[in-house]
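To start, the structure itself, in structure tokens.
Note that the coordinates shown come from a computational prediction; the quantities given were computed from them, not determined experimentally. Counting convention: from 1, in listed order, for ligands and their atoms alike. When a residue number appears, it is its place in the shown sequence, counting from 1.
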Amino acid sequence: MKIVSTIQEVRECVNAWKKEGKTVGFVPTMGYLHEGHMSLIDAARENDKVVVSIFVNPMQFGPNEDLASYPRDLEHDAKMCEAHKVDLIFHPTSEEMYGDSFYSYVDMNVLTEDLCGLTRPVHFRGVCTVVTKLFNIVMPDKAYFGQKDAQQLAIIRRMVKDLNMPLQIVGCPIVREPDGLAKSSRNTYLSEEEHRAALVLSRSVFLARDMIGRGERDCKAVLAAMTAEIEKEPLARIDYVKAVDFENIQPVTQIKGNVLIAIAVYIGKTRLIDNLVTDIIE
Ligand code: PAF
């Protein structure tokens, strides 16, 4: 496994693979890797070569967010990638990605305006811009994103479609701790007590799944039950509990087709997200 930090090194490596007719799978990350990322890497093994980027992208953090404290551990990340047979890690500096001045952005309307876009107004512009840059650098055949960041996945799919980017986006299921908590690098911020309190997120998602499984199709009823469940936890403060169409992130009232039921909840100072995507054909 190679670890490189310059765009030129990535290009040289990928160009050599492409000349040999190899396919390239790409997993963009911000590092502090966990089993969720490993499931993306394992899925990307369907390609001949696997590239992982590790870059805490300053552009997707708002001024009062956790850019400075975001956990970083390259040594641990490299070991995990090696164990999962990654071929290349791209670990650039901010200077390598953005130089000393930068004026171009990739932005999107509609899909970015609800859910996390409401509390994180610059977030998705930063994500779309860095992901476009990474796609242009790595030139993968396929790129892999977790469904835990479901709005991000919908936005990337739409961006690739709208801008005719020549690659396929693969969405991968949420990976959970044995106790149900969705894996996230930000779980490291939680104290033991907060971790226990954070289980209210998956509990409310499982409650929704069970209600829908029993035939409930009214979003209002499902969201009300989820909200009541979360409100039982004194350390939890709801940011949103919403149901939207998974493709265009517009509000829906009935559960039919691919509905994204998404929540964001503060546990102490840590903002966590979780979700469920339905697949109801009736
Ligand atoms: O999901 C993430 O970790 C980030 O948003 C991504 C896609 C790597 C872009 O920085």
Side-chain angles (χ1 to χ4, degrees), residues 5 7 10 25-41 43-44 50-62 65-74 76-77 80-81 86 88-94 96-98 102 104-108 111-112 115-117 119-138 140 142-160 163 165 167-175 182-189 249 260 262 264 270-275:
S5 57
I7 294 165
V10 179
F26 176 44
V27 181
T29 82
M30 298 207 300
Y32 214 71
L33 304 179
H34 50 67
E35 279 91 350
H37 298 110
M38 293 307 116
S39 75
L40 305 181
I41 290 172
V50 176
V51 180
V52 172
S53 64
I54 297 177
F55 177 57
V56 183
N57 174 35
M59 199 190 276
Q60 69 190 71
F61 289 80
E65 292 182 358
D66 57 344
L67 172 62
S69 60
Y70 196 85
R72 294 157 168 92
D73 188 346
L74 182 62
H76 157 91
D77 291 348
M80 287 189 89
C81 286
V86 167
L88 180 69
I89 294 179
F90 177 42
H91 179 56
T93 59
S94 284
E96 179 69 10
M97 288 300 280
Y98 294 117
F102 192 83
S104 308
Y105 298 91
V106 180
D107 208 350
M108 188 181 294
L111 281 79
T112 57
L115 307 184
C116 292
T119 36
R120 307 189 71 192
V122 298
H123 176 64
F124 289 115
R125 181 173 88 154
V127 170
C128 288
T129 303
V130 80
V131 169
T132 300
K133 285 170 67 66
L134 290 166
F135 286 171
N136 285 338
I137 294 164
V138 178
K142 293 186 182 182
Y144 297 77
F145 291 84
Q147 193 202 291
K148 198 195 73 104
D149 296 303
Q151 186 176 14
Q152 169 173 280
L153 174 58
I155 287 169
I156 300 290
R157 280 196 169 125
R158 186 72 207 200
M159 178 182 84
V160 163
L163 302 182
M165 294 181 174
L167 80 160
Q168 190 186 324
I169 299 302
V170 182
C172 298
I174 296 177
V175 177
K183 296 259 185 193
S184 163
S185 306
R186 289 189 169 96
N187 291 349
T188 185
Y189 297 148
I249 314 292
L260 166 64
T270 307
R271 184 176 173 281
L272 298 173
I273 56 175
D274 202 341
N275 70 76

With sequence neighbours left out, the residues meeting salt bridge (charged side-chain N to carboxylate O under 4.0 Å, His left out) with Lys183 are Glu35, Glu177
Looking only at side chains, do Tyr70 and Asn57 share a donor and an acceptor under 3.5 Å apart? no
Short N or O contacts of ligand 1 with protein, under 3.5 Å, listed by atom name?
residue, atom, partner, partner atom, Å
ligand 1, 1 (O), Gln152, NE2, 2.9
ligand 1, 5 (O), Gln60, NE2, 3.0
ligand 1, 5 (O), Gln152, OE1, 2.7
ligand 1, 10 (O), Gln60, OE1, 2.6

Results of salt bridge (charged side-chain N to carboxylate O under 4.0 Å, His left out) for Arg120 - residues two or more places apart only: Glu65
Is any side-chain heavy atom of Leu40 closer than 4.5 Å to one of Val52? no
Val106 and side chain to side chain contact (heavy atoms under 4.5 Å, CB included): which partner among Val127, Leu163, Val131? Leu163
Taken in chain and number order and not counting sequence neighbours, the residues that satisfy salt bridge (charged side-chain N to carboxylate O under 4.0 Å, His left out) with Arg186 are Asp66
